[in-house]
Amino acid sequence: MTDLTTLLEVGGPLAALGGGSAYTRAKYPAVYWSAVGGPISTARLLSSYSSVMEACGLTVAPSRLRVLAVKATTRREVRPVPPRRGIIRPTSTGLRIRLRLAPGQEPADVAASAERLRHAWGVHAVYVTTVKPGVVELRLVGYDVLRRVRMPRKADSGFLKVPVALREDATPFVRDYRTVPHQLTLGATLSGKSMYLRHLITGLARQPVALVGIDCKRGVELAPFAACLSALATDPDEAAALLPVLVKEMEDRYDLIKARQGIAPDTPDEEITSDIWGLPEGERPTPVVLFVDEVAELFLTATRKDEERRDEMVTQLIRLAQLGRAAGIYLEVCGQRFGAELGKGATMLRAQLTGRVCHRVNDEASAKMALGDIAPEAVSAACAIAPEMPGLAVAGDTSGGWSRIRTPYLSLGDAAEICRESAHLVPDLPALKPFRPAIPVRLVETPAPAVLPQPATD
């Protein structure tokens, strides 16, 4: 009986500790990693580094000088040499460690063993990046950072740079318009495409950038951000009137570049290699970002007259995509599906969109439209996105690299409030004034007058 009482006294706290640890790991993975997972994984790495590297085939034969030195000083066996390990740097999501590769090794050898290293050291994932020739960095992620997204406090933000999502290696995904001027974003209904768009608009609303929207769904997606938009078209007719104005603005900016740099006026725009960033700051035009939501609505036609309007709009979009970067005009094209079946010019327009972001789609063909021509292996990753993971997407560019990202939650009300607070930063572009959307007046509820008690009467 005494032994049973002692067992209960000892087992009760241990069971509570184990239950609390499991609860913390499920609900607060960052806290669990900092308190428990991180120290355990660090101990595993330090104690098993040499044996794990040897098992993964990441060791090389020792040099003759090393063999002679070991035999002269000790009688122990001469073992293969692993990559030289640097200092382990803990982070809020994992560990970072640099390795100096041994002669004859390359970063691809370490990347091929990333899955083995993950299991050996008990972490969620291992990512390998090249720092400089002969040196790689291992980024060990302790838990699934995409399950509950928390953006890093320090992100690479700046002019025309928006940290919009979190990568699966716990680094921020930054939408840099100077590096990737145009982008195609695809996603089915409730896939998180609108959330991605909210973060882009709210991030640019705080910057001196002209935001232009084309939303042929009667403006239901972009109208809440009207306070920070310089122009908004809510149907194909308005879009057909807005696009020529943007093309004319682009041509005027090319004329400005020609006049500043002494280029002959009759020089074709295609032969001008400079851009507005070479102009003095006082003469530099304001950058323009064009958001096109549900781009397929611009391609759909019902009559022959609609076909002529469609062809004209597509031609103007292609011109903006081909020549707009140098003039400081950038495109953000969004839709549920985009491909050759939309009509003439669709494939040509897609070829000009350098960046690609593919959320959950309804069929494999849609994923191939977004990623098949730049990273075929990313198509299967896009098709594997579950419906219960909104905001999860696969991001890539024409360099062939890709990664999984997820956008944090941002309510429509909070995004609209940010745009209203940034309304004073909207630049003044005379050509876009006729298309400036009307800002709805906020209704302020006035409190009802207080009812004073009446004296009692007979």
Side-chain angles (χ1 to χ4, degrees), residues 129 151 155-169 171-187 192-193 195-214 246 250 253 273-278 285-293 295 317-335 338 346-359 367 369-379 381-382 391-407:
T129 57
M151 294 294 291
D156 185 16
S157 60
F159 187 51
L160 288 175
K161 291 183 180 181
V162 182
V164 69
L166 187 69
R167 297 180 185 269
E168 58 184 345
D169 61 353
T171 59
F173 173 75
V174 180
R175 177 72 175 94
D176 187 356
Y177 286 91
R178 296 285 300 274
T179 304
V180 182
H182 312 305
Q183 182 170 275
L184 173 65
T185 302
L186 294 185
K193 179 167 50 47
M195 196 73 63
Y196 182 88
L197 199 61
R198 290 176 197 173
H199 280 273
L200 276 179
I201 293 177
T202 53
L204 292 172
R206 302 183 179 98
Q207 303 181 17
V209 179
L211 304 181
V212 179
I214 295 178
L246 291 175
M250 179 186 68
R253 296 186 177 193
T273 58
S274 300
D275 50 33
I276 63 171
W277 307 110
T286 303
V288 178
V289 178
L290 172 61
F291 294 93
V292 182
D293 190 66
V295 65
L317 277 176
I318 292 175
R319 290 198 63 194
L320 290 174
Q322 288 180 336
L323 308 175
R325 182 207 62 82
I329 300 178
Y330 308 102
L331 270 62
E332 198 75 33
V333 180
C334 306
F338 193 81
T347 304
M348 186 175 181
L349 175 61
R350 184 184 63 173
Q352 302 295 329
L353 305 177
T354 306
R356 308 289 175 83
V357 173
C358 181
H359 294 77
M369 293 175 193
L371 304 169
D373 57 336
I374 61 172
E377 64 275 8
V379 174
L392 189 63
V394 175
D397 53 43
T398 52
S399 65
W402 64 276
S403 63
R404 295 199 311 160
I405 63 173
R406 193 178 187 188
T407 310

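Basis for what follows: all heavy atoms, side chains included, without hydrogens, waters or symmetry-related copies.
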Please report the interatomic distance CZ(Phe338) to CE(Met369), rounded to the nearest 0.5 Å.
9.5 Å
Measure the shortest side-chain to side-chain distance between His182 and Val333 over non-hydrogen atoms and say whether it is less than 4.5 angstrom.
no
Does the side chain of Gln322 come within less than 4.5 Å of Met348's, by heavy atoms?
yes
Please step through side-chain contact (heavy atoms from CB on, under 4.5 Å) for the pair Leu331 and Leu317, ending with a clear verdict.
CA-CA 9 Å; Leu331 270 62; Leu317 277 176; 4.3 Å; yes
With rounding to the nearest 0.5 Å, note down the distance linking CG in Leu166 to OG in Ser403.
10.0 Å
Calculate, to the nearest 0.5 Å, the distance between atoms CG and CD1 belonging to Leu323 and Ile318 respectively.
11.0 Å
Pairing residues for Tyr196 by the ring pair (Phe, Tyr, Trp, His ring centres under 6.0 Å) criterion, not counting sequence neighbours
His359
Could you tell me which residues satisfy side-chain contact (heavy atoms from CB on, under 4.5 Å) with Arg178, sequence neighbours excluded, listed by chain and number?
Leu160, Asp176, Trp277, Tyr330
Arg356 side chain to Val394 main-chain N or O, any donor-acceptor pair under 3.5 Å?
no
Those residues at least two apart in sequence (or on a different chain) that pass salt bridge (Lys or Arg N to Asp or Glu O under 4.0 Å) with Arg167 are none
Arg350: partners by side-chain hydrogen bond (donor to acceptor under 3.5 Å, both in side chains), with sequence neighbours left out
none
Can you sort out the partners of Val379 under side-chain contact (heavy atoms from CB on, under 4.5 Å), two or more places apart, ordered by chain and number?
Glu364, Ala367, Lys368, Leu371, Cys383
How far does OG1 of Thr407 sit from CE of Met195, to the nearest 0.5 angstrom?
8.0 Å
Hey, does Thr185 have a side-chain heavy atom less than 4.5 Å from the side chain of Leu197?
no
Quick one: list whatever passes side-chain contact (heavy atoms from CB on, under 4.5 Å) with Ala395, sequence neighbours left out.
Phe173, Val357, Ile405
Under the salt bridge (Lys or Arg N to Asp or Glu O under 4.0 Å) test, which residues partner Asp169, sequence neighbours left out?
none
Please report the shortest heavy-atom distance between Val288 and Val212, naming the atom on each side.
CG1-CG2, 3.8 Å
Kindly compute the distance separating CD1 (Ile214) from CG (Leu246), expressed to the nearest 0.5 Å.
7.0 Å
Please give me the minimum heavy-atom distance between Leu353 and Leu349, naming the atom from each residue.
CG-O, 3.4 Å
Any donor-acceptor pair under 3.5 Å from Arg253 side chain to Ala327 backbone:
yes
Looking at Met151 and Pro172, what are the two nearest heavy atoms and their distance?
CE-CB, 4.2 Å
Only counting residues at least two apart or in another chain, list the ones meeting salt bridge (Lys or Arg N to Asp or Glu O under 4.0 Å) with Arg198.
none
Output, in order, the C-alpha distance, side-chain angles, deciding distance and verdict of side-chain contact (heavy atoms from CB on, under 4.5 Å) for Tyr177 and Val209.
CA-CA 11 Å; Tyr177 286 91; Val209 179; over 6 Å; no
Between Val162 and Gly203, which heavy-atom pair has the shortest distance, and what is it?
CG1-CA, 4.0 Å
May I have the step-by-step check of side-chain contact (heavy atoms from CB on, under 4.5 Å) for Trp402 and Ile374, ending in yes or no?
CA-CA 9 Å; Trp402 64 276; Ile374 61 172; over 6 Å; no
Interatomic spacing from SG in Cys334 to CG in Leu186 - rounded to 0.5 Å:
8.5 Å
Where do Pro208 and Phe159 come nearest, in terms of heavy atoms and distance?
CG-CE1, 3.8 Å
Could you report the tightest heavy-atom contact between Val180 and Gly355, atom names first, then the distance?
CG1-N, 3.4 Å
For Arg406, the salt bridge (Lys or Arg N to Asp or Glu O under 4.0 Å) test, sequence neighbours excluded, returns none
